[in-house]
2 protein chains.
Amino acid sequence: MSELADVAALLADRTRARILEELLGGPALPAGALAARVGVAPSTLSGHLAKLEAAGLIVVRARGRRREAELARPEVAEALEALARLAGPAARPIGLRAVNGHAALREARSCYDHLAGRVGVALADSLVARGALVASDGTFMVGDEAYLADAFGIEVAALPRRRTLVRGCADWTERRPHVAGALGAALLDVALSRGWVRRRNDGRALNVTTAGRVALMDGEHTR
Amino acid sequence: MSELADVAALLADRTRARILEELLGGPALPAGALAARVGVAPSTLSGHLAKLEAAGLIVVRARGRRREAELARPEVAEALEALARLAGPAARPIGLRAVNGHAALREARSCYDHLAGRVGVALADSLVARGALVASDGTFMVGDEAYLADAFGIEVAALPRRRTLVRGCADWTERRPHVAGALGAALLDVALSRGWVRRRNDGRALNVTTAGRVALMDGEHTR
DNA sequence: GGGACGCTTCGGTGTGCACCGAAACTTCGC
DNA sequence: GCGAAGTTTCGGTGCACACCGAAGCGTCCC
């Protein structure tokens with residue numbers, strides 16, 4: 001029933017676009033928190049959530065008296081990234097706070113469920129250098145499964161098969177690929193659980209710890 | 001200066017979306033022809049072209065007294081396909097003419113500059129079966145360069161390097177990947193010049209000839 | 001050069017939709 | 001149960017923008 005223009009119309013509103021960008025950060029967010037982040041009244045936000053849900057772009061789960069939203073499927077994140085690439089070099093942010101936020105986004109951020117930004121690209125590079133991945137212009141293939149198991153505890157064979165295993169995702173800020181797909185998601189899980197990066201509570205940007213800098217930027221993957 | 005929502009707003013208008021879908025067909029089209037195809041007044045179309053050009057989504061070349069439009073870069077086509085995937089199973093077309101057109105689109109179409117639809121996926125499969133490409137869930141790498149040279153006259157080393165050489169593009173109708181990127185463009189050129197497929201004059205759909213059926217669907221690539 | 005063609009600019013019309021506040025509804029904690 | 005917190009529904013306001021026709025301006029053809 002839906003056409004391309006209908007989907008685009010959902011993304012064309014500044015508020016809805018900001019909602020989806022927040023959800024690109026990964027974890028589900030309750031409606032009230034989203035309203036505060038994007039700066040609209042709860043009633044306004046409620047209407048937007050209803051539209052996005054009806055279109056199948058997000059799913060909303062009731063948890064007690066709050067309703068938590070997250071992206072419905074990886075394709076949504078892919079379309080958002082494709083549009084962000086079209087939008088090109090992002091708007092020069094105005095104001096110190098915005099500049100800091102933007103610098104943090106460039107450094108490290110979660111892109112739906114995987115690691116992006118300077119750190120994401122560095123991780124991809126170091127995995128290629130180790131032979132764990134093989135780069136083929138703009139995308140990746142698994143190279144050394146044993147390395148992934150040893151260094152990260154990731155068993156490639158055990159990863160979910162519903163989605164693409166490993167995919168190059170052209171980084172929006174770096175213009176070079178980072179690792180997406182099921183393996184990308186697994187790598188972000190490892191980075192979070194080992195304390196290499198921590199989620200900030202104000203958006204998609206991630207804080208990189210000292211240990212994380214060594215592991216991700218310098219390629220010392222073993223804990 | 002532009003944000004994701006601004007780009008999406010350009011795609012959110014039904015008329016502009018149809019314009020871009022027409023341009024996805026590949027060759028540049030003059031403004032008047034576009035106006036006729038999408039069914040608006042020339043003055044209306046002119047305004048849309050100006051907006052799309054200002055945003056860098058299309059380029060418009062003056063050729064004599066007519067102005068021809070085409071997509072500005074591959075990223076635009078990629079974003080359009082990503083959105084089309086989100087839109088999901090296309091609207092069930094109403095009316096015999098629309099049904100026929102849709103069936104033709106599913107069978108074979110040009111997707112910006114490469115081959116898509118059932119035929120595009122079949123070609124990708126046969127190239128993998130021959131070892132010319134290596135499939136790695138959802139995307140491809142070049143396998144046997146000699147085969148590509150022998151069967152198609154495509155010298156991989158001579159392909160333009162500005163863009164990704166070979167890329168899997170999740171087919172909008174088939175839900176399986178076809179061959180995109182510089183190699184995908186070269187393959188469509190070969191298919192057109194050998195008469196395997198012919199452009200219809202009414203849109204993105206392609207007609208598959210008898211020879212083309214043998215070559216593309218059955219994998220008899222040598223002329 | 002005159003006339004047809006192709007396209008753009010301009011002014012006026014109409015519709016769609018994002019926004020908020022107030023009120024109703026559900027869930028939680030005590 | 002009762003008040004508070006979280007969310008949705010409803011009504012009213014205002015702006016943005018797609019559309020067309022008429023007029024103007026280059027370009028081609030004879």
Side-chain angles (χ1 to χ4, degrees), chain A residues 1-23 27-70 72 83 87 91 201, chain B residues 1-23 27-70 201:
Chain A
M1 205 187 65
S2 60
E3 284 184 39
L4 193 152
D6 298 322
V7 181
L10 284 169
L11 313 181
D13 177 76
R14 280 196 136 71
T15 300
R16 277 194 299 266
R18 295 201 45 197
I19 292 171
L20 290 169
E21 286 177 2
E22 292 292 337
L23 296 182
L29 292 171
L34 274 174
R37 288 195 185 187
V38 305
V40 294
S43 59
T44 301
L45 190 113
S46 176
H48 287 313
L49 285 191
K51 284 179 186 167
L52 293 172
E53 187 180 22
L57 297 191
I58 66 173
V59 289
V60 181
R61 282 194 319 277
R63 276 178 80 86
R65 64 184 157 185
R66 65 183 65 185
R67 308 226 310 144
E68 294 181 346
E70 64 186 330
L83 280 176
N201 52 11
Chain B
M1 205 188 67
S2 61
E3 283 183 40
L4 193 154
D6 298 322
V7 181
L10 284 169
L11 313 181
D13 178 76
R14 281 195 135 72
T15 301
R16 276 195 299 267
R18 295 202 45 198
I19 291 171
L20 291 169
E21 286 177 2
E22 291 291 339
L23 297 182
L29 292 172
L34 275 173
R37 288 195 186 187
V38 305
V40 294
S43 59
T44 301
L45 190 113
S46 177
H48 287 313
L49 284 192
K51 284 178 186 167
L52 293 171
E53 187 180 22
L57 296 190
I58 65 174
V59 289
V60 181
R61 281 193 321 276
R63 277 178 79 88
R65 64 185 159 185
R66 65 183 65 185
R67 309 222 312 142
E68 294 181 347
E70 64 186 329
N201 53 10

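Computation of the quantities below employed the complete heavy-atom set of this structure, encompassing side-chain atoms and omitting hydrogens, waters and symmetry-equivalent molecules.
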TODO: For B:L29 and B:I19, run side chain to side chain contact (heavy atoms under 4.5 Å, CB included): C-alpha distance rounded to whole Å, both residues' side-chain angles, the deciding distance at 0.1 Å, then the answer.
DONE: CA-CA 10 Å; B:L29 292 172; B:I19 291 171; over 6 Å; no

Open item on the list: A:V59 vs A:E70, test: side chain to side chain contact (heavy atoms under 4.5 Å, CB included). Steps then yes/no.
Closed with: CA-CA 6 Å; A:V59 289; A:E70 64 186 330; 3.8 Å; yes

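Atom CG of A:L29 and atom C1' of D:dG6 are 15 Å apart (whole Å). Across the protein-nucleic acid pair, A:E53 atom CD and D:dT7 atom P stand 14 Å apart, rounded to whole Å. Computed from coordinates, the A:L49 CG to D:dT8 P distance equals 6 Å when rounded to whole Å.
A heavy atom closer than 4.0 Å to some atom of DNA chain C occurs in no member of residues 56-63 of chain A.
Here A:K51 contributes atom NZ and A:L10 contributes atom CG; the two are 8.0 Å apart, rounded to the nearest 0.5 Å.
The shortest distance between side-chain heavy atoms of B:L4 and A:L20 does not fall below 4.5 Å. Considering only heavy atoms from C-beta on, B:H48 stays 4.5 Å or farther from B:V38 through its side chain. In this structure the side chain of B:L23 reaches within 4.5 angstrom of the side chain of B:L34, judged on heavy atoms.
Under the 3.5 Å distance criterion, the side-chain polar atoms of B:R18 are matched with a main-chain donor or acceptor of B:R37. B:R67 places no side-chain N or O within donor-acceptor distance of the main-chain N or O of B:V60, the cut-off being under 3.5 Å.
Residue B:R67 places at least one side-chain N or O under 4.0 Å from the OP1 or OP2 atom of C:dT8.
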Open item on the list: Please encode protein proximity along nucleotides 15-27 of chain D as a string of B, S and -, counting only heavy-atom distances under 4.0 Å.
Closed with: ---SSBBB----B

